[in-house]
Amino acid sequence: MTRRLLALLCLLCATTAVAGTARVDGVRVWAAPDHTRLVFDISAPVEHTLFTLESPDRVVIDLEATELAASLQQPDGDGLLRGLRWAPRNGNDLRVVLDLGGRSRPKSFLLSPNGQYGHRLVVDLHLPAAEATPAVLVAAPPTAPESDAKRDVVVAIDPGHGGEDPGAIGPRGTREKEITLALARQLAKRIDREPGMRALLVRDGDYYISLRKRIEKARAARADLFVSLHADAFDDHRAHGSSVYVLSQRGASSEMARLLAKRENESDLIGGVSLDDKDDLLARVLIDLQQSVTYEGSVRLASTTLRNLGQVNRLHKPRVEKAGFAVLKSPDIPSMLVETAFISNPTEERRLNDPAYQQRMVEALFRGIHAYLLDSPPSNSHFASRRHTIRRGDTLSEIARQYSVSLDHLRLANNLNGDIVRIGQVLRIP
């Protein structure tokens, strides 16, 4: 009887040990300009420790009660990661060694299963310089420009999702992150071709950037506008059309609260004015004034863009919508989020993959942005420069020659479909 009890106890212990063993099924790697992310697919949450070694630079990850299901794919050499090594440890654990191309400050966290992936262990390898950057990047106060100096308008273009986050996935497997990046790159090229405009790509590769970091990059570059590109999805595949969003009042209120709470430790700037030495009432008034101006600009930007999108695709709703999207919360940059089409709709998914359709979509986005800049030119920019009042005998072609601009640009700048002008009419000169 005693032997049978001991045998049963040993069997139960062995079964428990096997049941408690997690499994690493694979790893995916994304290299961003300031960090490299590794995502380990695991069968269950794992206890793990992480530490660094030098000469050469390495990161060591010890996973308790974990085994490796198959060999891990070696990285392609981009980013900090140069190689992966692994071996059993203590008979029941797994040790993974990351060979690096330089020093790094790693961070790790676990993710629960979602609709696309199971349990995951995420390891972020940050460059030391990026790690030392403050959590909130603050643009320096604008310097007084020379009297005749004109500057380019900076448009921050944010391709939604990226890296481990594919965004929505269409019926044919199209991933939102790839569509948004393709559109963003084309829009950036279109903007860079236009005199007086310059594009900033918030993400220019297949990697993830946190929502707050996207705003920080735009502010650090002193962007005049922020445009976030997405592709909508819905359970009903019949849903269709383009949409444009601006920040809701609730979203603006939550951002005011965040700025008020953080200003004691960080020198946040609102329209070039620091909040760190202002009392609660004055800081609240300053933020509210700046947010009001920014909101009005966002609505105008979104409205002109929505009208132009309606010439390329059907509109999901005929008005600008409001939501609390985190990427729209910059208090001093007019911002909009564009849902270009429903990637969940088979017809619109096919269009989003069509280069010709992408080009028409990009041109509509550009015309919306350009029309806003002509109507509300940022101070000291090339868009805020010249005006011409029509006098008797003036013709559009003569005015174009006078200011050394093309006739097409002159028509575009003034939303003219032909060459008819009237005495007293004021033309914007691009």
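Side-chain atoms are counted along with the backbone in the values below, which use heavy atoms only and exclude waters and symmetry mates.
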Contacts of His388 meeting ring pair (Phe, Tyr, Trp, His ring centres under 6.0 Å) (sequence neighbours excluded), chain-then-number -> Tyr403
Is Arg37 salt-bridged to Glu164, cutoff N-O under 4.0 Å? no
Passes side chain to side chain contact (heavy atoms under 4.5 Å, CB included), Asn313 versus Glu348? Steps please. CA-CA 9 Å; Asn313 191 26; Glu348 294 198 341; 3.4 Å; yes
Minimal heavy-atom distance between Lys317 and Leu306, with the atoms involved, is O-CD2, 4.2 Å
Under 3.5 Å, is there a donor-acceptor pair between the side chain of Ser108 and the main chain of Val123? no
| said: Under a 3.5 Å threshold, yes or no: a donor from one side chain and an acceptor from the other, between Asp332 and Ser330? | reply: yes
Using a 3.5 Å cut-off and no angle test, enumerate the donor-acceptor pairs between side-chain atoms of residues 192-200 and protein atoms at least two apart in sequence or in another chain.
from	atom 1	to	atom 2	distance (Å)
Asp192	OD1	Ala199	N	2.9
Glu194	OE2	His370	NE2	3.4

Begin with the C-alpha distance, continue with both residues' side-chain angles, and end with the deciding distance and a verdict on side chain to side chain contact (heavy atoms under 4.5 Å, CB included) for Leu72 and Val24. CA-CA 9 Å; Leu72 300 178; Val24 176; 4.0 Å; yes
Minimal heavy-atom distance between Tyr372 and Gly297, with the atoms involved, is CE1-O, 3.4 Å
Heavy atoms of Thr180 and Leu229 approach each other most closely as CG2-O, 3.2 Å
Within the distance-only criterion (no hydrogens, no angle test), does the side chain of Arg203 pair as donor or acceptor with the backbone N or O of Gly160 below 3.5 angstrom?
yes
Indicate yes or no: at least one non-hydrogen side-chain atom of Leu110 is less than 4.5 angstrom from one of Ile42.
yes
| field | Donor-acceptor under 3.5 Å (Thr304 side chain, Gly368 main chain) | value | yes
(message) For Leu183 and Ile179: C-alpha separation, side-chain torsions, deciding distance, then whether side chain to side chain contact (heavy atoms under 4.5 Å, CB included) applies.
(response) CA-CA 6 Å; Leu183 291 172; Ile179 294 297; 3.9 Å; yes
_With a 4.5 Å cut-off on side-chain heavy atoms, are Leu81 and Leu38 touching?_
yes
Kindly say whether Glu47 contributes a backbone atom to a donor-acceptor pair with the side chain of Glu64 at under 3.5 angstrom?
no
Separation between CG (Asp232) and OG (Ser243), nearest 0.5 Å, reads 6.0 Å
Table please: side-chain donor-acceptor pairs of residues 411-430 below 3.5 Å, with sequence neighbours left out.
from	atom 1	to	atom 2	distance (Å)
Arg411	NE	Asp419	OD1	2.7
Arg411	NH1	Asp408	OD1	2.9
Arg411	NH2	Asp419	OD1	2.9
Arg411	NH2	Asp419	OD2	3.4
Asn414	OD1	Arg428	N	2.7
Asn414	ND2	Leu410	O	2.9
Asn414	ND2	Arg428	O	3.0
Gln425	OE1	Arg422	N	3.1
Arg428	NE	Leu374	O	2.7

*Going by an N to O cut-off under 4.0 Å, is there a salt bridge joining Arg95 and Asp93?*
no
>> Side chains of Val202 and Ile157, heavy atoms from C-beta outward: is any pair under 4.5 Å?
In response: no
(message) For the backbone of Pro56 and the side chain of Arg58, can you confirm whether one donor and one acceptor N or O come within less than 3.5 Å of each other?
(response) yes
* Asked: Are Phe342 and His316 near enough that their ring centres are under 6.0 Å apart?
  -> yes
Distance col, row Arg351:CZ vs Ile343:CD1, nearest 0.5 angstrom, shows 14.0 Å
Test salt bridge (Lys or Arg N to Asp or Glu O under 4.0 Å) on Arg175 and Glu178; report intermediate values, then the result. CA-CA 6 Å; Arg175 293 183 290 188; Glu178 296 169 352; 2.6 Å; yes
Problem set entry | Donor-acceptor contact below 3.5 Å, side chain Thr305 vs main chain Ser303 | no
Heavy atoms of Asp25 and Ala69 approach each other most closely as OD1-CB, 3.5 Å
- Backbone of Ala182 reached by a side-chain donor or acceptor of Gln358 within 3.5 Å: no
* Would you say Val153 and Pro378 make side-chain contact, with heavy atoms under 4.5 Å? -> yes
query = Between Ser242 (side chain) and Leu315 (backbone), is there a donor-acceptor pair under 3.5 Å?
reply = no
One should read off an interatomic distance between Asp62 CG and Leu50 CG, to the nearest 0.5 angstrom, of 9.0 Å
Looking only at heavy atoms, the pair that brings Pro159 and Ala184 closest together is CG-CB, 3.4 Å
NZ or CZ of Arg28 within 45° of Tyr117 ring axis and under 6.0 Å: yes
Checking Asp165 against Lys177 for the salt bridge (Lys or Arg N to Asp or Glu O under 4.0 Å) test, could you report, in this order, the C-alpha distance in whole Å, the side-chain angles of both residues, the deciding distance, and whether it holds? CA-CA 8 Å; Asp165 176 15; Lys177 67 175 183 178; over 6 Å; no
Sub-3.5 Å donor-acceptor pair from the side chain of Glu176 to the main-chain atoms of Ala231, do we have one?
yes
Exercise for the section: Answer with yes or no whether the side chains of Lys322 and Tyr295 bring together a donor and an acceptor at under 3.5 Å. Expected result: yes
*Arg212 bridged to Glu216 by N-O distance under 4.0 Å*: no
Counting only heavy atoms not in Gln74, do more than 12 fall under 6.0 Å of its CD? yes
Heavy-atom donor-acceptor pair, Thr294 side chain to Pro334 backbone, under 3.5 Å:
no
Margin query: Do His35 and Leu127 have side chains that approach each other closer than 4.5 Å (heavy atoms only, starting at C-beta)?
Written below: no
**OP:** Before giving the answer on side chain to side chain contact (heavy atoms under 4.5 Å, CB included), spell out for Glu349 and Asn353 the whole-Å C-alpha distance, their side-chain angles and the decisive distance to 0.1 Å.
**Re:** CA-CA 7 Å; Glu349 179 191 19; Asn353 281 289; 4.0 Å; yes
d(Leu181 CG, Asp204 CG) to nearest 0.5 Å is 6.5 Å
Between His237 and Asn345 the two heavy atoms that sit nearest each other are O-ND2, 3.1 Å
To the nearest 0.5 Å, atom CG of Asp235 lies from atom OG of Ser344 at 8.0 Å
Are the side chains of Arg103 and Pro128 in contact, using a 4.5 Å heavy-atom criterion?
yes
Salt bridge between Arg214 and Asp158, side-chain N to carboxylate O under 4.0 Å? yes
Side-chain heavy-atom pair Leu337, Val327 within 4.5 angstrom cut-off | yes
So CG of Leu301 and CG of Asp224: to nearest 0.5 Å the spacing works out to 11.5 Å
* Is there a donor-acceptor contact under 3.5 Å linking the side chains of Ser376 and Arg300? -> yes
Would you indicate whether the side-chain heavy atoms of Tyr245 and Phe325 approach each other to under 4.5 Å? yes
Assess whether a salt bridge exists between Asp41 and Arg120, defined as any Lys/Arg side-chain N lying under 4.0 Å from an Asp/Glu carboxylate O. no
